[in-house]
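Treat the numbers as computed from the prediction; the structure is a model and nothing was measured.
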Amino acid sequence: MNFSGKVAIVTGGANGIGKEVVRGIVEGGGFVVIADINEAAATKTVAEFGAEHTVFEYMDLGNHESIVASMKKILSERKVDILVNCAGVISAKPFDQLTYEEWERTIRINLSGCFSTISTIFPHFIENKGGRIVNVSSVAAKLGGGLLGTAAYASSKAGLNGLTKAVAKEVGKYNIACNAVCPSFTRTDMTTVLSEDKEKSQKVISMIPLGRRAEPVEIAQMILFFASDLASFITGEIGDCDGGITLDG
């Protein structure tokens, strides 16, 4: 996909799905600011793709002040065309074991963190007469959770879907599009840790009509589509990239 002359911010771009998004934008001729809390991993990613195509900016998605400060620094240095909210955390505790602390942390990072990035970049997009926002959600938002992402996670992602639609409805008049992608079970470091229980992992896979986990690059393709000019008349869409597990209309 063509990203020539475009600049993107990708939160969580150091690893997993986020890294594949970075790869796609760079290969399409764009420049990416990798906003991440993991400096070591982000530094390796910048070295892999080159400092002429990528740069690292520290950002703690669980801290509103950190997000605003990092976003303002980025926006003061370059015009940004695309925001991809890919960073997040998983919570797999059963509801009867879920503490308020884990609930609050999951909502703060997965939902409030996205509000903070979007609200901070909003004036920048208005000034530049447009922009594209892609939020990485989850099928858990539509299914009420699952074995690998339960009540707190599902609630955070359902909220993100609602935020995506609300933002799309309110900011379309400024030529700003906002869409979301809902992956299912994907092979990343985060899910690998949670899926060491082979029985649980296989149970999840058995629910997916395609019968396997996704690779990060497969999820990235839909994110890249929504971020690109190919999706020029699409906004407010909650796209499933889930191997058929949702099958909603």
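Residues G243 and S184 share a closest heavy-atom pair of N-OG, 4.3 Å. Closest heavy-atom contact between G144 and A154: C-CB, 3.8 Å. Here the closest non-hydrogen pair linking T150 and A92 is OG1-C, 3.2 Å. Heavy-atom minimum distance, I219 versus A214: CD1-CB, 3.8 Å. For K165 against G236, the heavy-atom pair with the smallest separation is CG-O, 4.0 Å. Of all heavy-atom pairs between A158 and A141, the closest is N-CB, 3.3 Å.
Residues Y58 and M71 are members of separate hydrophobic clusters, defined by side-chain heavy-atom contacts under 4.5 angstrom among Ile, Leu, Val, Met, Phe, Trp and Tyr. Under the 4.5 Å side-chain heavy-atom criterion for grouping Ile, Leu, Val, Met, Phe, Trp and Tyr, F115 is connected to F125 within one hydrophobic cluster. Cluster membership check: I208 shares its hydrophobic cluster with V139, using side-chain heavy-atom separations under 4.5 Å among Ile, Leu, Val, Met, Phe, Trp and Tyr. Under the 4.5 Å side-chain heavy-atom criterion for grouping Ile, Leu, Val, Met, Phe, Trp and Tyr, I9 is not connected to L224 through any hydrophobic cluster. Follow the hydrophobic side-chain contacts under 4.5 Å out from I118 and you never reach V84; the two are in separate clusters.
The residues E218 and R212 are annotated as salt-bridged, a charged nitrogen and a carboxylate oxygen being separated by less than 4.0 angstrom. The pair E77-K73 meets the salt-bridge criterion, since a charged nitrogen lies less than 4.0 angstrom from a carboxylate oxygen.
Looking only at distances, no side-chain donor or acceptor of S228 sits under 3.5 Å from a matching main-chain atom of M1. With S70 contributing its side chain and I67 its backbone, the two residues share no donor-acceptor pair below 3.5 Å. No donor-acceptor distance shorter than 3.5 angstrom exists from the side chain of R187 to the backbone of E215, with no hydrogens or angles considered. Checking side-chain atoms of H124 against main-chain N and O of V80 turns up a donor-acceptor pair under 3.5 Å. Side-chain N or O atoms of S156 include none that pairs as donor or acceptor with a backbone N or O of I107 at under 3.5 Å. Under a 3.5 Å cut-off, the side chain of T235 and the backbone N or O of A177 do not form any donor-acceptor pair. A donor-acceptor pair is defined here as one N or O able to donate and one able to accept, closer than 3.5 Å; such a pair exists between the side chain of T11 and the backbone of C86. A donor-acceptor contact shorter than 3.5 Å is absent between the side chain of D81 and the backbone of R132. At least one donor-acceptor pair closer than 3.5 Å links the side chain of N2 to the backbone N or O of S4. Side-chain atoms of K157 come within 3.5 Å of backbone N or O of V136 as a donor-acceptor pair.
Between F3 and F31, the distance separating the two ring centers is not shorter than 6.0 angstrom.
In K72, the NZ atom is not crowded: 12 or fewer heavy atoms of neighbouring residues, nucleotides or ligands sit closer than 6.0 Å. Enclosure of atom CZ in R108 by more than 12 non-hydrogen atoms of other residues, nucleotides or ligands within 6.0 angstrom is indicated.
Using a 4.5 Å heavy-atom cutoff, the side chains of E104 and T99 are not in contact. Residues I205 and R213 form a side-chain contact, since some pair of their non-hydrogen atoms from C-beta on lies under 4.5 Å apart. With a 4.5 Å cut-off on side-chain heavy atoms, V134 and N85 do not count as touching.
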Review point. Is there a side chain to side chain contact (heavy atoms under 4.5 Å, CB included) between V26 and E52 once you walk through the steps?
Key: CA-CA 10 Å; V26 168; E52 68 273 28; over 6 Å; no
Check your understanding: Do V33 and V10 pass the side chain to side chain contact (heavy atoms under 4.5 Å, CB included) test, and can you show the C-alpha distance, the side-chain angles, and the key distance before you say yes or no?
Key -> CA-CA 6 Å; V33 180; V10 179; over 6 Å; no
Review point. Step by step, would you call S137 with C182 a side chain to side chain contact (heavy atoms under 4.5 Å, CB included)?
Key: CA-CA 5 Å; S137 182; C182 290; 3.8 Å; yes
Practice item. Would you check, one step at a time, whether the test side chain to side chain contact (heavy atoms under 4.5 Å, CB included) holds for V89 with R105? Key: CA-CA 9 Å; V89 293; R105 176 177 178 269; 3.8 Å; yes
Check your understanding: Given T246 and D242, is the side chain to side chain donor-acceptor pair (under 3.5 Å) satisfied, shown in steps?
Key -> CA-CA 7 Å; T246 307; D242 63 1; 2.5 Å; yes
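Interatomic distance, Y174 OH to I126 CD1, rounded to the nearest 0.5 Å: 5.0 Å. The NZ atom of K19 sits 9.0 Å away from the CD1 atom of I34 when rounded to the nearest 0.5 Å. The CD1 atom of I74 sits 15.0 Å away from the NZ atom of K79 when rounded to the nearest 0.5 Å. The CG atom of L61 lies 7.5 Å from the CD1 atom of I109; values are rounded to the nearest 0.5 Å. With values rounded to the nearest 0.5 angstrom, M59 atom CE is found 14.0 Å from E39 atom CD. Between N135 atom CG and N161 atom CG the span is 8.5 Å, to the nearest 0.5 Å.
Residues forming a side-chain contact (heavy atoms from CB on, under 4.5 Å) with E237 (at least two apart in sequence, or on another chain): N179, F226, I234. Checked against salt bridge (charged side-chain N to carboxylate O under 4.0 Å, His left out), K93 has the following partners two or more places apart in sequence or in another chain: E102.
Screening L247, V181, D248, I245 for a side-chain contact (heavy atoms from CB on, under 4.5 Å) involving D240 leaves a single residue, D248.
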